[in-house]
Amino acid sequence: MTVFHSRPTRNARFSSRPAVCLFGWAACLASAILAEPVSAAAAAAPEVIRRIDIVHMTHTDVGFTDHPIVCRRQQMRYLDIAIDAVLASLDGPPDARFAWTAEATLTVNDWWQAADSARRGDFLKAVRSGRLEVAALAMNQTPTLNPAQWDLTLHWLPDELWDQVNPRVAIQDDVNGFPRAGAVALLDRGVSYLFMGINATNGGPPMKRPSAFWWKMPDGRRMFVWLGDSYPAGFYYFHPATWRRGPVPESTDTRYRPARPGDFFLADEASVRAAHAHLLGRLRAMEQGGYTYPSLTVSVTNEWRMDNDPPFPPLARFVAAWNRLGLQPELRLSTASEAMDRMRREVGDRIPEYEGEWTDWWANGEASGPREVAASRRAKRLTAAAVSPVWGPTDEATRDAAEEIYRDLCLFDEHTWGSTDSVGRPHHLDTWAQYNEKSRTAYRPMALAKLLLAQRARSAVYGQEEGFYVANTASRPWSGWITMPASCLRGDFHSLEDPLTGKRVSLNFEPGYRPHSRPANADELTISNTSETFPDAAPNQQARFWVEGPGGHFVRRLPLSEAVLEPGPPPPPINPPFTSTAGPPPPSRPAWTLRLSHPATPAFFP
C-alpha cells in the first residue's frame with residue numbers, strides 16, 4: 001500500500017473501488033471520466049479558477065495499442081507532426097501557437113537517432129522556441145528498477161542532447177505511483193517537477209486530485225508534484241462525450257482513422273461557447289468540492305485511442321478562438337514545466353508536504369509473467385556481477401555491453417504488459433506477439449548478462465593456476481553453499497583446499513538432473529518432473545561445498561583434491577528451526593547472515 005506522512009496538514013486518503021474491465025484500462029478510464037454528469041445548475045462562472053493550462057501530449061505505451069515496435073515507430077512519426085506544428089505556428093499570435101510535451105525520452109532518442117542533420121535542427125529550433133518540451137523519463141516505469149536502471153533511464157538521451165533540451169519535469173502517466181528512488185534520481189539529475197496522470201482503474205491516487213504537494217526526500221530535498229487527472233481527462237472538460245470508436249483499434253487497422261480538423265475542439269463561436277458552458281459546470285463542481293487554486297492544469301491527448309496517439313494541431317485554434325471571445329477562465333496551451341512553474345508560484349507556499357514511499361498498485365503485470373520477472377531479476381544480478389571491480393577495471397566495451405542489457409531491462413520494467421485484448425482474447429496472435437516482445441526484454445538480457453559475466457571472469461582467471469576459483473562480486477562478505485554439476489569435475493575429486501588457511505572442505509554429492517538418459521527407476525523422478533523423460537533426481541549429479549565468509553570483492557583459488565575427508569558437523573541451516581517449548585521460542589539468530597549491496601554471484605572456473 002502507499003504510505004505517506006504529511007506535515008503540517010493531514011489530508012484524508014482517497015481511493016476508488018476497482019472496476020472490472022476486460023478490454024483495456026484506457027477504455028475503463030473513459031467510462032469513469034464520462035460517468036460524472038454536470039448539472040445545469042452548476043454552470044455558473046467559477047469563483048476561484050481564473051486560468052487553465054492545457055498540456056498536450058501523447059501517452060507512451062510500449063505495446064497495448066499495437067505491437068511494441070509499431071508503437072515506437074508511430075511515436076517517432078508523431079514527434080515529426082509536433083515539430084512541424086510548432087514551427088508552422090511560431091509567427092502566429094501567441095494564443096494560436098501550438099505547444100507539445102514529449103512524455104518520454106525513449107521516443108525522442110528513437111527519433112534523434114534516425115533524423116538527419118537538417119531535421120535535428122528543426123527539432124532544436126522548436127525546443128528553443130519554448131513550445132516543444134522534452135520530459136525527463138525514458139518511459140512510464142514500474143517500481144522495479146535498480147540503481148543502474150534509474151541512472152540509465154535518466155541518461156537515455158546522449159549527454160549533448162540532454163543539455164540542449166534541458167528537461168525540467170518528469171511525467172509518469174497511467175501508473176499508480178512513483179518510487180522514491182526514482183524521485184531521488186530525478187533530483188540528482190536536476191529535475192524537481194513530477195507531473196502525475198494516474199489511471200485509477202484497479203488503483204487510484206493517494207489523496208484527492210487534482211492537487212499539488214511537496215514530496216520531501218530523506219535527505220531533505222523536495223520535489224514539487226502535480227497530482228493531476230488522468231492523462232486524457234482534459235478532453236472531457238470541454239466535451240460531454242468521447243469521439244473514440246473501438247475503443248482501442250490498432251493504428252494499422254484502416255477501418256478506423258485518427259481525428260481530423262472538425263471532429264472536435266471546433267473553433268467556430270457556437271462550438272466554443274458550447275464547450276465553455278460544459279467547462280463551467282465541471283469547474284463549479286470542482287470548487288464546491290474544495291478546489292482552491294487560481295489555476296488548473298489539465299492534460300489532453302488525441303481521441304483515436306487515447307494511448308499512442310498523434311498530436312492534434314487544431315487544438316491551438318480552439319484556444320485562440322476561446323481567448324478572442326474573452327471567455328473565462330482564460331486558456332493557455334502550455335508545456336508541462338511552464339504550467340508547473342505557474343502552479344508553484346501560485347500555491348507553493350500553501351500546499352502540504354509529504355514524505356514516504358509512493359508504491360505502485362499495479363502489480364498485475366508482474367504477476368502475469370513470473371518466469372519473465374525471474375529472468376529479468378537474474379539478468380540484473382548477473383550484470384551487476386559482471387561489472388564488479390573484482391574482475392578488474394571495466395573497459396568501454398564492457399560498459400557498452402552492460403548498457404545494452406540495462407536498456408532492455410528498462411523496457412521490461414516499463415508499465416505496459418501486453419495487448420489491450422490480452423484478457424478478452426488471450427490466444428489471439430496479436431496478444432502473443434506483444435507478449436513475445438515483452439518477454440524478449442527479459443530473456444535476451446539474461447542471456448547477454450551470462451555472456452558478459454563469463455567473458456569477464458574467464459579473462460580474469462584463465463591465466464592463473466589450475467583450480468576452482470570462487471568469487472564474491474559484491475562489496476560485503478558472503479557465506480553459503482556453492483553448487484555445481486558434478487560432470488564439470490574432471491577427476492575423482494572429493495574435497496578442496498584453501499591455500500591461504502590450509503583448511504580442507506569436503507565435496508558433497510547429491511541427486512540431481514541427468515540429461516539424455518532414461519531414469520533407472522521411479523525414485524529418480526521428482527513430483528515436478530512432468531515429462532518423466534530424463535531423471536531429475538539421479539544419484540551423484542550435483543556437487544556442492546560450503547564457503548565461509550569470503551570478503552567483499554574477493555577471488556579465492558581452491559585446488560581440487562582426491563582426498564576423502566572424515567565427515568564433520570554440517571553447516572547450520574540458514575533459518576534453524578525452533579525447539580517446541582511451553583512458552584514463546586527463545587531468541588535465535590542464524591549462524592550466518594547475508595547482507596549485500598547486490599546478491600553475490602559465486603563463479604567457479606577450472
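In what follows, every heavy atom counts, from backbone to side chain, and hydrogens, waters and symmetry copies are set aside.
- Counting non-hydrogen atoms of neighbouring residues, nucleotides and ligands closer than 6.0 angstrom, the CZ atom of Arg255 reaches no more than 12 such neighbours.
- Side-chain atoms of Ile171 and Ser299, non-hydrogen and from C-beta on, never get closer than 4.5 Å to each other.
- Under a 4.0 Å N-O distance rule, the pair Arg73/Asp110 does not qualify as a salt bridge.
- Remark: Arg377 CZ is loosely packed, at most 12 non-hydrogen atoms of other residues, nucleotides or ligands lying under 6.0 Å away.
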Kindly determine whether Glu357 and Thr359 satisfy side-chain hydrogen bond (donor to acceptor under 3.5 Å, both in side chains), including the steps that lead there. CA-CA 6 Å; Glu357 183 57 270; Thr359 51; over 6 Å; no
Under the ring pair (Phe, Tyr, Trp, His ring centres under 6.0 Å) criterion, do Tyr406 and Trp150 qualify, and how do the steps go? CA-CA 10 Å; Tyr406 281 129; Trp150 279 118; over 10 Å; no
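- Between Trp112 and Phe123, the ring planes are perpendicular. Angles over 60° get that label, and only those under 30° would be called parallel.
- Look at Arg305 and Asp66 and you find a salt bridge, because one of the NZ, NE, NH1 or NH2 atoms lies within 4.0 Å of a carboxylate O, short of that distance.
- Separation of atoms CG (Leu283) and CD (Gln288) is listed at 11.0 Å; rounding is to 0.5 Å.
- Relative orientation of the Phe318 and Trp322 rings is tilted, given thresholds of 30° and 60° on the angle between their planes.
- Remark: aromatic rings of Trp243 and Phe264 are close, center separation under 6.0 Å.
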Could you go step by step and tell me if Arg180 and Glu355 meet the salt bridge (charged side-chain N to carboxylate O under 4.0 Å, His left out) rule? CA-CA 9 Å; Arg180 187 166 61 182; Glu355 56 184 309; over 6 Å; no
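- Considering Asp360, Thr142, Asp61, Asn176 in turn, Asp61 is the only one that fulfils the side-chain hydrogen bond (donor to acceptor under 3.5 Å, both in side chains) rule with His415.
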Apply ring pair (Phe, Tyr, Trp, His ring centres under 6.0 Å) to the pair Phe195 and Tyr193, showing each step before the final yes or no. CA-CA 7 Å; Phe195 190 105; Tyr193 287 156; 10.0 Å; no
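- Under the 4.5 Å side-chain criterion, counting only non-hydrogen atoms from C-beta, Thr441 is not in contact with Pro68.
- Under a cut-off of 6.0 angstrom, the local environment of CD in Glu160 is sparse, with at most 12 non-hydrogen atoms contributed by other residues, nucleotides or ligands.
- Tested against Asn308 for a side-chain hydrogen bond (donor to acceptor under 3.5 Å, both in side chains), the candidates Thr301, Asn302, Thr65 yield a single pass: Thr65.
- A salt bridge is defined here as a Lys NZ or Arg NE, NH1 or NH2 lying under 4.0 Å from an Asp or Glu carboxylate O, and Glu330 with Arg332 meets this definition.
- The CZ atom of Arg72 sits 8.5 Å away from atom CG of Asn109, with the distance rounded to the nearest 0.5 Å.
- Between His56 and Phe98, a ring centre-to-centre spacing shorter than 6.0 Å is recorded.
- With contacts defined as side-chain heavy-atom distances shorter than 4.5 Å, the pair Leu137/Leu154 qualifies.
- You'll find the side chain of Ile81 reaches within 4.5 Å of the side chain of Pro311, heavy atoms only.
- Note on Glu346 versus Arg342: salt bridge recorded, some NZ/NE/NH1/NH2 to OD/OE distance being below 4.0 Å.
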For a side-chain hydrogen bond (donor to acceptor under 3.5 Å, both in side chains) check, start with the C-alpha distance between Thr201 and Asn199, then their side-chain angles and the critical distance, and finish with the verdict. CA-CA 6 Å; Thr201 304; Asn199 181 344; 3.0 Å; yes
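- Residue Asp95 holds its CG atom at 9.0 Å from CG of Leu331, rounded to the nearest 0.5 Å.
- Look at Asp91 and Arg97 and you find no salt bridge, because none of the NZ, NE, NH1 or NH2 atoms lies under 4.0 Å from a carboxylate O.
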Checking salt bridge (charged side-chain N to carboxylate O under 4.0 Å, His left out) for the pair Lys380/Asp413: CA distance, chi angles, key distance, verdict? CA-CA 12 Å; Lys380 295 174 189 182; Asp413 290 329; 2.8 Å; yes
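- The shortest side-chain heavy-atom distance between Gln141 and Thr153 falls under the 4.5 Å cut-off.
- The shortest heavy-atom contact between Tyr231 and Gly197 is CD2-O, 3.6 Å.
- Taking 4.5 Å as the limit, every side-chain heavy atom of Ile198 sits out of range of all side-chain heavy atoms of Val175.
- The two residues Pro167 and Val191 make their nearest non-hydrogen contact at O-CG2, 3.6 Å.
- Looking at Arg284 and Leu280, their side chains never come closer than 4.5 Å, going by heavy atoms from C-beta outward.
- A cation-pi geometry, defined here as NZ or CZ lying under 6.0 Å from the six-membered ring centre and within 45° of its normal, does not hold between Lys216 and Tyr354.
- Here the side chain of Lys438 pairs a donor or acceptor atom with the backbone of Leu411 at under 3.5 angstrom.
- A cation-pi geometry, defined here as NZ or CZ lying under 6.0 Å from the six-membered ring centre and within 45° of its normal, holds between Arg189 and Trp162.
- Ring planes of Phe312 and Phe265: tilted class, angle from 30 to 60°.
- No side-chain heavy atom of Ser230 sits less than 4.5 Å from a side-chain heavy atom of His59.
- A salt bridge links Asp188 with Arg221: at least one charged nitrogen is closer than 4.0 Å to a carboxylate oxygen.
- Using a cut-off of 4.0 Å between Lys/Arg side-chain N and Asp/Glu carboxylate O, Arg119 and Asp122 are scored as salt-bridged.
- A distance of 4.0 Å separates CD of Glu103 from CG of Asn140, quoted to the nearest 0.5 Å.
- Exactly one residue among Glu133, Met340, Arg168 makes a side chain to side chain contact (heavy atoms under 4.5 Å, CB included) with Thr335. That residue is Glu133.
- Taking 4.0 Å as the cut-off between side-chain N and carboxylate O, Asp229 and Arg282 do not count as a salt-bridged pair.
- Rounded to the nearest 0.5 angstrom, Glu250 CD and Phe64 CZ are separated by 12.0 Å.
- Taking the ring axis of Trp226 as reference, the NZ or CZ atom of Arg209 does not stay both within 45° of it and closer than 6.0 Å to the ring centre.
- With salt bridges taken as basic N to acidic carboxylate O contacts below 4.0 Å, none links Asp268 and Arg317.
- Atom CG of Asp341 and atom OG of Ser334 lie 10.0 Å apart (nearest 0.5 Å).
- Annotation: Tyr256 is not in aromatic contact with Trp304 [ring centroid separation under 6.0 Å not met].
- A centroid separation of 6.0 Å or more is found between the aromatic rings of Trp111 and Tyr78.
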